[in-house]
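As a basis for the values below, the full set of heavy atoms in this structure was taken, side chains included, without hydrogen atoms, waters or symmetry mates.
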Amino acid sequence: MSQTYQPKKRKRARSHGFLKRSATPGGVKTMQRRRRKGRSKVSV
C-alpha cells in the first residue's frame, strides 16, 4: 500500500486558497461563515 495523499503546497493553495475562494460567490460566503465563527485561518 502506498500513501494516497501526496501533499503539494501550490496545488493546495490554487484549489482552496484565498484568491480561489474570493472569486466565487459561494467561496465568499464560506469565508464569511468562517470569519463569523472566529477561525484563525479563513482559507489556506
Pair up each side-chain donor or acceptor in residues 13-21 with any protein partner under 3.5 Å, not counting sequence neighbours, and list the distances.
{"from": "S15", "atom 1": "OG", "to": "K11", "atom 2": "O", "distance (Å)": "2.7"}

Name each donor-acceptor pair under 3.5 Å that joins a side chain in residues 35-42 to protein atoms two or more places apart or in another chain, with its distance.
none

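In this structure the side chain of R12 never reaches within 4.5 angstrom of the side chain of P7, judged on heavy atoms.
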